[in-house]
Amino acid sequence: MKIPQNAKLIIHRLQNAGFEAFAVGGCVRDSLLGFTPHDWDICTSAKPEQIKACFEDFNTIDIGIKHGTVAIIVDKEPFEVTTYRVDGEYRDNRHPESVTFTSNLREDLARRDFTVNAIAYNDEYGIADFYGGESDLRNRLIRCVGNPDERFREDALRILRALRFASCYSFSIENKTAAAIHRNSELLNNIAAERIQSELVRLLCGDGAEDIFNGFRDVFAVFIPELAETFDFDQKNKHHRYDVFHHITHSVGLIESDPVLRLTMLFHDIAKPRVCTTDKHGSRHFKGHQLVSADIAREVLSRLRFPTDTIETCVTLIICHDVRFNGTLAQVKRVLNKIGVENMRRLFKVQYADTLSQSDYLRGEKLAKIDTAKAQFEQIMAENQCFSLKQLAVNGRDIIDMGVTGGKQIGRLLNLLLDSVIDGTLPNEKAALLAVAKEYSVKE
Ligand code: ATP
Ligand code: MG
């Protein structure tokens with residue numbers, strides 16, 4: 001394993017002062033998997049004050065002295081160094097009441113959540129793996145260190161961490177660990193929304209997200225109970241081959257790995273059960289599900305404390321996800337005017353994933369319509385065709401100069417002109433637009 005120079009420096013200094021020191025956790029796991037770790041955590045038998053004494057000539061930050069963590073800044077890069085510790089009793093399903101320092105690596109590794117995260121390494125000792133982490137890595141398994149029920153009761157966030165690791169690395173979850181996840185899922189009610197949010201996003205963006213959602217849907221229903229309404233909800237409609245839930249999860253798996261896009265797919269059809277009607281032939285319809293789904297998305301995402309711009313983008317895309325492009329440039333321009341360029345690009349991806357998660361019925365035609373709209377969009381952009389007030393050859397100033405007053409009046413007039421330009425009945429040229437504006441304003 002190749003430890004970067006700066007991490008080596010820290011480990012060697014601690015060793016030279018008579019302490020043990022190892023790289024541990026995510027960095028060892030990722031290295032063994034052949035990935036480049038995003039950071040290197042170090043554990044040591046040195047107590048926090050001893051750590052600081054070893055690095056008096058470096059900048060250090062007390063991240064959690066009580067928990068034994070000191071960050072050492074080497075070449076502007078922080079390295080977290082944590083004293084070997086044993087966690088005390090957990091009373092709130094999240095934090096230990098106290099921590100005790102220990103000089104025994106094996107005890108420190110025992111408090112870690114999963115076997116694959118409980119491997120330590122240094123160049124002198126090699127790999128320290130007391131809980132079968134290497135073998136689980138080889139078999140691509142997430143397994144708790146120790147008794148899984150106890151571990152999830154101590155800290156319920158581990159439930160989502162397990163699902164996140166499984167999703168991001170396409171690992172399976174070992175049977176006993178999986179059973180304990182199902183048994184203890186309600187404990188997630190005790191976990192702060194912000195923590196759930198960050199695990200959820202990473203999990204959603206993993207390659208294995210679809211499988212994890214399908215296999216552990218009861219867990220997601222704990223903090224998104226609205227999702228449970230879609231479970232086994234038969235769409236009874238020729239456009240669909242999956243029930244609502246499996247349609248949703250399949251579309252999540254199909255869209256590119258981007259938080260906003262994956263969240264959009266997760267919520268795009270969530271309201272279908274609420275608005276469902278059945279016609280005389282027994283087919284189901286979901287009129288208006290876009291708007292209600294957008295409302296539910298807004299509520300859930302706010303509850304999980306997502307940033308406002310994430311919420312607004314998802315809501316916009318969910319509202320538009322079912323726009324049926326009809327082949328006209330004017331329609332593409334109107335949608336563009338409403339949602340903007342960046343969301344337009346996203347909308348095509350959303351529609352692709354949505355369509356590919358439906359049945360084969362008319363699939364070719366549906367995809368062709370998206371392709372046409374996309375080509376038209378590219379043309380509009382390349383030719384800088386007018387689709388918004390900003391691009392209109394006249395502005396508010398010009399209308400005021402004509403003698404029209406009142407913001408509402410001016411806005412109405414400009415939008416009438418924009419409509420005609422978008423429809424192609426007027427050229428986007430100042431003289432022509434002003435002439436028509438005069439006519440309108442006289443009429444009014
Ligand atoms: P990544 O940084 O990619 O999210 P990681 O495994 O490094 O993965 P961190 O949250 O950085 O995750 O934690 C570092 C290490 O601390 C983990 O590898 C694990 O050994 C331990 N750890 C983190 N969170 C917990 C927890 N909730 N319960 C037990 N051990 C944990
Ligand atoms: Mg880490």
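Quick caveat, the model's predicted, so the values are computed rather than measured. In what follows, residues are counted from 1 in the order of the sequence shown.
A salt bridge is absent between Asp295 and Arg274: the closest approach of a Lys/Arg side-chain nitrogen to an acidic carboxylate oxygen does not fall below 4.0 angstrom. Salt-bridge formation is detected for the pair Arg143/Asp136: a Lys NZ or Arg NE/NH1/NH2 atom is positioned less than 4.0 Å from an Asp or Glu carboxylate oxygen. Ion pairing between a basic and an acidic side chain is recognised when a charged N comes within 4.0 Å of a carboxylate O; Glu229 and Lys272 show no such pairing. A salt bridge is defined here as a Lys NZ or Arg NE, NH1 or NH2 lying under 4.0 Å from an Asp or Glu carboxylate O, and Asp149 with Arg151 fails to meet this definition. No salt bridge links Lys366 with Asp354; every basic N to acidic carboxylate O contact stays at or beyond 4.0 Å. Ion pairing between Lys52 and Asp62 holds under the 4.0 Å rule for side-chain N and carboxylate O.
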For Arg298 and Glu312, run side chain to side chain contact (heavy atoms under 4.5 Å, CB included): C-alpha distance rounded to whole Å, both residues' side-chain angles, the deciding distance at 0.1 Å, then the answer. CA-CA 8 Å; Arg298 185 189 292 286; Glu312 291 313 320; 2.8 Å; yes
Taking it one step at a time, do Thr230 and Asp269 satisfy side chain to side chain contact (heavy atoms under 4.5 Å, CB included)? CA-CA 9 Å; Thr230 69; Asp269 274 355; over 6 Å; no
Take Ser170 and Asp207 through the side-chain hydrogen bond (donor to acceptor under 3.5 Å, both in side chains) test and state the conclusion after the steps. CA-CA 6 Å; Ser170 295; Asp207 284 348; 4.7 Å; no
Let me see the working for Val332 and Val335 under side chain to side chain contact (heavy atoms under 4.5 Å, CB included), right down to the final yes or no. CA-CA 5 Å; Val332 175; Val335 177; 6.0 Å; no
Please evaluate residues Glu342 and Arg346 with respect to the criterion salt bridge (charged side-chain N to carboxylate O under 4.0 Å, His left out), reporting the C-alpha separation (whole Å), side-chain torsions for both, the decisive distance (0.1 Å), and the verdict. CA-CA 7 Å; Glu342 210 185 339; Arg346 293 188 176 116; 3.0 Å; yes
Check step by step if side chain to side chain contact (heavy atoms under 4.5 Å, CB included) holds for Ile73 and Thr60. CA-CA 6 Å; Ile73 317 294; Thr60 62; over 6 Å; no
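Not one N or O on the side chain of Ser103 forms a donor-acceptor pair closer than 3.5 Å with the backbone of Ser45. Side-chain atoms of Asp129 come within 3.5 Å of backbone atoms of Glu134 as a donor-acceptor pair (strictly under, hydrogens ignored). The backbone N or O of Ala21 lies less than 3.5 Å from a partner atom in the side chain of Asn122, making a donor-acceptor pair. Side-chain N or O atoms of Asp108 include one that pairs as donor or acceptor with a backbone N or O of Arg85 at under 3.5 Å. Between the side chain of Ser359 and the main chain of Lys238, a donor-acceptor pair closer than 3.5 Å is present. Counting only distance, with no hydrogens or angles, the side chain of Glu174 and the backbone of Leu141 share no donor-acceptor pair below 3.5 Å. A donor-acceptor pair is defined here as one N or O able to donate and one able to accept, closer than 3.5 Å; such a pair exists between the side chain of Gln391 and the backbone of Phe387. Between the side chain of Tyr131 and the backbone N or O of Arg106 there is at least one donor-acceptor pair closer than 3.5 Å. One N or O on the side chain of Arg140 and one on the backbone of Tyr169 form a donor-acceptor pair closer than 3.5 Å. Judged by distance alone, the side chain of Thr82 and the main-chain N or O of Cys43 form no donor-acceptor pair under 3.5 Å.
Inspection of the Asn237 and Arg284 side chains reveals no N or O donor paired with an N or O acceptor under 3.5 Å. With no hydrogens or angles considered, no side-chain donor-acceptor pair links Thr355 and Gln358 at under 3.5 Å. At a cut-off of 3.5 Å, with distance as the only test, a side-chain donor of Thr328 or Asn326 sits close to an acceptor on the other residue. Side chain to side chain, His289 and His321 meet the donor-acceptor criterion of an N or O pair below 3.5 Å. Between the side chains of Glu124 and His12, at least one donor N or O lies within less than 3.5 Å of an accepting N or O. Neither side chain, Tyr125 nor Asp123, offers a donor N or O lying under 3.5 Å from an acceptor on the other.
A heavy-atom distance below 4.5 Å is not found between the side chains of Leu254 and Tyr352. Looking only at side-chain heavy atoms (C-beta outward), Phe223 and Arg303 stay at 4.5 Å or farther from each other. Contact of the Ile248 side chain with the Phe213 side chain is not registered, since no non-hydrogen atoms from C-beta on lie closer than 4.5 Å. In this structure, the side chains of Arg161 and Asn117 come closer than 4.5 Å at one or more pairs of heavy atoms. Looking at heavy atoms from C-beta onward, Arg262 lies in side-chain contact with Ile255 at the 4.5 angstrom threshold. Taking the side chain as every heavy atom from C-beta outward, Cys314 and Phe306 never approach each other to under 4.5 Å. At a threshold of 4.5 Å between non-hydrogen side-chain atoms, the residues Leu329 and Gln379 count as touching. Looking at heavy atoms from C-beta onward, Ile10 lies in side-chain contact with Phe55 at the 4.5 angstrom threshold.
Between Tyr242 and His250, the ring planes are tilted. Angles from 30° to 60° get that label. In this structure, Tyr361 and His239 have perpendicular ring planes: the angle between them is above 60°, well past the 30° mark. The aromatic rings of Phe348 and Phe325 sit tilted, their planes meeting at an angle between 30° and 60°.
Atoms CG and CD, from Asp322 and Gln290 in turn, are 4.5 Å apart once rounded to the nearest 0.5 Å. For the atom pair CD1 (Ile159) and CZ (Phe216), the distance works out to 10.5 Å, reported to the nearest 0.5 Å. Taken from CD1 in Ile51 to CD1 in Ile72, the straight-line distance is 6.5 Å, to the nearest 0.5 Å. We find the CG-OG distance between Leu304 and Ser198 to be 10.5 Å, quoted to the nearest 0.5 Å. Here the CG atom belonging to Leu418 is positioned 4.0 Å from the CD1 atom belonging to Ile422, to the nearest 0.5 angstrom. Note that CG of Asp155 and CD1 of Ile191 are 5.5 Å apart. Values are rounded to the nearest 0.5 Å.
Contact record, Leu204 with Ala209: O-CB, 3.4 Å, taken as the closest heavy-atom pair. When all heavy atoms of Leu261 and Val350 are compared, the closest pair comes out as CD2-CG2, 4.1 Å. Contact detail for Glu20 and Phe22: the closest heavy-atom pair is OE1-CE1, 4.0 Å.
Side-chain rings of His268 and His247 approach one another, their centers coming within less than 6.0 Å.
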